[in-house]
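For reference, the structure is listed below as structure tokens.
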Number of protein chains: 2
Amino acid sequence: MARGSTRPTSRDVAQAAGVSQAAVSLVLGDKWRGRVSEATAQRVREAARDLGYRPNLAARNLRLGRTRTVLLVVPALTTEFFAGVYTGAARVAAEHGFGVVLYPSPEGIGPARDPFASAQAALDGVIASSMAADALTAIRGEALPLVMLDSDPAGSLGAATVNLDIADGVRQVAEHLLSLGHRRFLHLAADVPSWTFEVRARELASRLSEVPGTSVRTARAPISIEGAVAATEAALSVPGPRPTALVCDDDKLAAGAYKAARRLGLRIPDDLSVTGLDDLALATAIDPELTTVRLDAELFGERGMRALLAVLEGRSPEGGDIPVQLLVRGSTAPPR
Amino acid sequence: MARGSTRPTSRDVAQAAGVSQAAVSLVLGDKWRGRVSEATAQRVREAARDLGYRPNLAARNLRLGRTRTVLLVVPALTTEFFAGVYTGAARVAAEHGFGVVLYPSPEGIGPARDPFASAQAALDGVIASSMAADALTAIRGEALPLVMLDSDPAGSLGAATVNLDIADGVRQVAEHLLSLGHRRFLHLAADVPSWTFEVRARELASRLSEVPGTSVRTARAPISIEGAVAATEAALSVPGPRPTALVCDDDKLAAGAYKAARRLGLRIPDDLSVTGLDDLALATAIDPELTTVRLDAELFGERGMRALLAVLEGRSPEGGDIPVQLLVRGSTAPPR
DNA sequence: CGCCCTAAGTTTTACGTATAACGTCGGCTC
DNA sequence: GAGCCGACGTTATACGTAAAACTTAGGGCG
């Protein structure tokens with residue numbers, strides 16, 4: 001009790017219970033089936049509780065050569081979506097006795113360009129968003145078990161991938177707008193090099209090209225409201241027939257588009273239909289509420305973590321993209 | 001080289017450089033001033049680089065008895081703000097060779113109610129938001145160096161506190177609205193037990209009570225857009241003279257209030273002035289743009305981390321609240 | 001010449017845990 | 001009664017690192 005400030009070790013517990021340190025380890029590690037009597041085990045457990053014993057993780061990790069900790073690498077930018085991913089991943093991790101450490105990719109973190117310096121913990125594996133491109137080379141260098149989120153299955157040599165079915169989401173958006181009667185489209189694309197955005201562009205172009213009489217222009221903007229305002233305002237100001245439907249890569253871009261439309265005196269959805277992608281809180285805060293594609297971020301994180309656990313246990317991760325869902329709200333209507 | 005799959009240790013480096021393991025540790029730990037010749041040090045560094053050596057964190061942590069890792073405990077709810085806090089904290093941490101692990105407080109994480117089970121890493125200290133109340137008792141039990149964010153300085157026995165000057169922000173809001181001529185106020189309060197919200201209520205009531213002829217009612221809502229819509233709609237529908245100014249504890253609540261106002265046919269700011277607090281991306285996405293109080297989340301995280309570093313080094317953390325700034329936008333105007 | 005000092009290392013130890021390898025003792029079988 | 005086996009432990013060791021304590025060889029100095 002009056003041992004001072006240092007934390008009790010398994011040896012202290014052993015002494016208190018009148019057994020050897022090994023016995024403590026066996027009991028607390030639940031490996032005592034036929035090795036220790038029930039009575040002794042009970043004594044050990046009580047001593048541990050009384051002393052407030054907690055195993056030293058550093059020692060355990062050293063001994064076992066693994067840490068039951070994984071790194072989740074996300075792009076610094078998008079917070080709400082990846083908060084959901086983290087939550088899902090952390091929940092599944094906790095169920096399996098794992099912890100999850102976050103590494104938000106590049107900017108803002110400063111000198112430590114290296115995920116593994118920043119995450120002091122030693123790691124058993126990594127889950128990385130393909131948007132966090134900067135960190136990826138460093139990750140590859142470590143040859144750790146790796147799961148990629150929303151990454152080109154063909155391009156992620158070796159690594160397992162878990163993807164949202166973004167292509168289907170874009171198809172749903174296109175179908176919805178086409179069936180409303182829209183033919184002149186503007187695609188407000190995220191100016192970020194990532195597979196997940198390439199898919200949007202490819203799928204939209206592909207579907208629209210099948211319908212005679214449609215046209216689609218593209219504008220690019222960084223993923224921020226201000227950036228989207230400028231890009232949209234410019235794109236809608238060019239002479240010639242104006243697009244009647246604006247497909248945005250992302251809800252934030254759509255929010256910027258709203259502001260641009262307002263400045264130009266265009267009413268949504270009467271003069272311009274707008275769609276987003278993500279279903280952030282934003283989407284229902286703006287007026288009119290945004291027609292968008294709901295991505296289940298938590299499920300995404302869960303599936304990512306399950307895939308990594310599978311890799312760690314030598315199983316092969318389950319395949320299949322995660323379904324997404326079009327939410328039709330007030331920002332889309334037939335063209336006037 | 002052809003050593004197989006296991007990672008090289010300092011002993012491997014030693015062998016490659018033709019020195020002892022101790023020499024490697026000295027060189028790489030930068031403790032070799034008068035202990036090792038420059039030439040040998042160079043050889044060691046090269047060998048380490050060639051082998052791709054990385055020190056085993058678990059072993060180092062065990063040896064040193066500290067991990068250079070701190071836990072940041074945040075409420076699961078609010079993501080954008082705490083993303084900023086994390087970024088600021090992580091930057092400062094990285095500058096000092098520390099890592100930051102996130103623990104989003106209660107819901108969603110599942111069985112592991114215990115921050116220290118979830119964050120597998122052993123910890124040197126903790127930074128905790130007072131909003132993450134559920135986790136606090138567990139944290140206290142560990143007797144780790146602790147810094148509280150936005151917590152009652154009087155009530156956080158022993159622990160250092162770092163606070164935003166929320167009281168000043170509320171005063172600025174009140175001053176602004178009073179000077180516009182508003183006298184009938186509604187306070188849309190976050191239904192979350194936390195000091196940071198108590199301050200808002202206290203300060204607003206206090207300032208308004210000094211001005212004769214003012215009245216203030218209070219409505220409560222959970223911090224979500226939908227919750228705020230319902231609460232605001234109810235509060236604005238009661239008979240009698242309607243409030244002309246709505247002071248919200250938070251931007252999200254304000255976004256909900258916008259929707260409620262719209263449903264009731266009230267125009268902002270003509271029929272109702274609205275203010276928020278946080279300056280989230282939301283604030284400039286909605287129309288009209290929200291008059292709100294900018295909180296510098298990154299600076300908050302920075303200061304929190306600096307305070308914790310001070311505690312860890314036995315210095316006393318610097319005091320003083322972090323200043324905040326009123327941003328007057330389009331959601332406030334004189335009452336009609 | 002004898003001494004100490006410094007440079008340049010090496011040997012050894014400890015951190016706390018998990019587990020393989022090793023004892024001991026009573027009881028049962030043949 | 002010899003042998004063996006299962007129950008109940010203990011002893012010893014290794015994980016990789018940091019650092020204290022020790023070694024060795026010159027060199028300078030009185």
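Proteins get letters first, then strands, A, B, ... in listed order; numbering begins at 1 in each. All values derive from a computational prediction rather than experimental measurement.
The CG atom of Asn61(A) sits 14 Å away from the C1' atom of dC15(C) (whole-angstrom rounding). As a whole-Å value, the separation of Leu62(A) CG from dT17(C) P is 12 Å. For the pair Gln21(B) CD and dT10(C) C1', the computed distance is 11 Å after rounding to whole Å. The CZ atom of Arg60(B) sits 20 Å away from the C1' atom of dT17(C) (whole-angstrom rounding). Spacing between atom CG of Leu28(A) and atom P of dG16(C) amounts to 16 Å, rounded to whole angstrom units. Computed from coordinates, the Gln15(B) CD to dG9(C) P distance equals 18 Å when rounded to whole Å.
Note on Val24(B): nothing from the nucleic acid sits closer than 4.0 angstrom, heavy atoms only. At the heavy-atom level, Ser20(B) lies under 4.0 Å from base atoms of the strands shown.
Applying the salt bridge (Lys or Arg N to Asp or Glu O under 4.0 Å) test to Arg43(B) and every residue at least two apart in sequence or in another chain returns nothing. Partners of Thr196(B) according to the side-chain contact (heavy atoms from CB on, under 4.5 Å) rule, which considers only residues two or more places apart in sequence or in another chain, are Met131(B), Asp150(B), Ile166(B), Ser194(B), Arg200(B). Residues forming a salt bridge (Lys or Arg N to Asp or Glu O under 4.0 Å) with Arg45(B) (at least two apart in sequence, or on another chain): Glu38(B). For Arg66(B), the side-chain contact (heavy atoms from CB on, under 4.5 Å) partners at least two apart in sequence or on another chain are Leu64(B), Arg68(B), Asp124(B). With sequence neighbours left out, Thr161(B) forms a side chain to side chain donor-acceptor pair (under 3.5 Å) with no residue at all.
For the pair Val162(A) and Val147(A), the minimum side-chain heavy-atom distance is below 4.5 Å.
Side chain of Asp12(A) to main chain of Thr9(A): a donor-acceptor pair is present (N/O by atom type, distance under 3.5 Å, no hydrogens or angles).
Of the residues in residues 29-43 of chain B, those placing a heavy atom less than 4.0 Å from an atom of DNA chain C are Gly34(B), Arg35(B), Val36(B), Ser37(B), Thr40(B), in numerical order.
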Run the side-chain donor-acceptor check on residues 311-318 of chain A: report pairs under 3.5 Å with partners two or more places apart or on a different chain.
{"unit_1": "Glu313(A)", "atom_1": "OE1", "unit_2": "Arg315(A)", "atom_2": "NH1", "d": "2.2"}

List, one per line, each side-chain donor-acceptor pair under 3.5 Å for residues 299-309 of chain A, sequence neighbours excluded.
{"unit_1": "Glu302(A)", "atom_1": "OE1", "unit_2": "Arg306(A)", "atom_2": "NH2", "d": "3.4"}
{"unit_1": "Glu302(A)", "atom_1": "OE2", "unit_2": "Arg91(A)", "atom_2": "NH2", "d": "3.2"}
{"unit_1": "Arg303(A)", "atom_1": "NH2", "unit_2": "Gly319(A)", "atom_2": "O", "d": "3.3"}
{"unit_1": "Arg303(A)", "atom_1": "NH2", "unit_2": "Gly320(A)", "atom_2": "O", "d": "2.8"}

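Set against dG16(C), dT19(C), dA14(C), the side chain of Arg63(B) has dA14(C) as its closest nucleotide.
Both Arg11(A) and Ala22(B) lie close to DNA chain C; mapped to their nearest nucleotides by heavy-atom distance, the more 5′-ward contact belongs to Ala22(B).
The phosphate of dT17(C) has neither OP1 nor OP2 within less than 4.0 Å of any side-chain N or O from Ser25(A).
Contact footprint of chain B on DNA chain D: nucleotides with an atom under 4.0 Å from a non-hydrogen protein atom, first to last in 5' to 3' order, dG16(D) to dA21(D).
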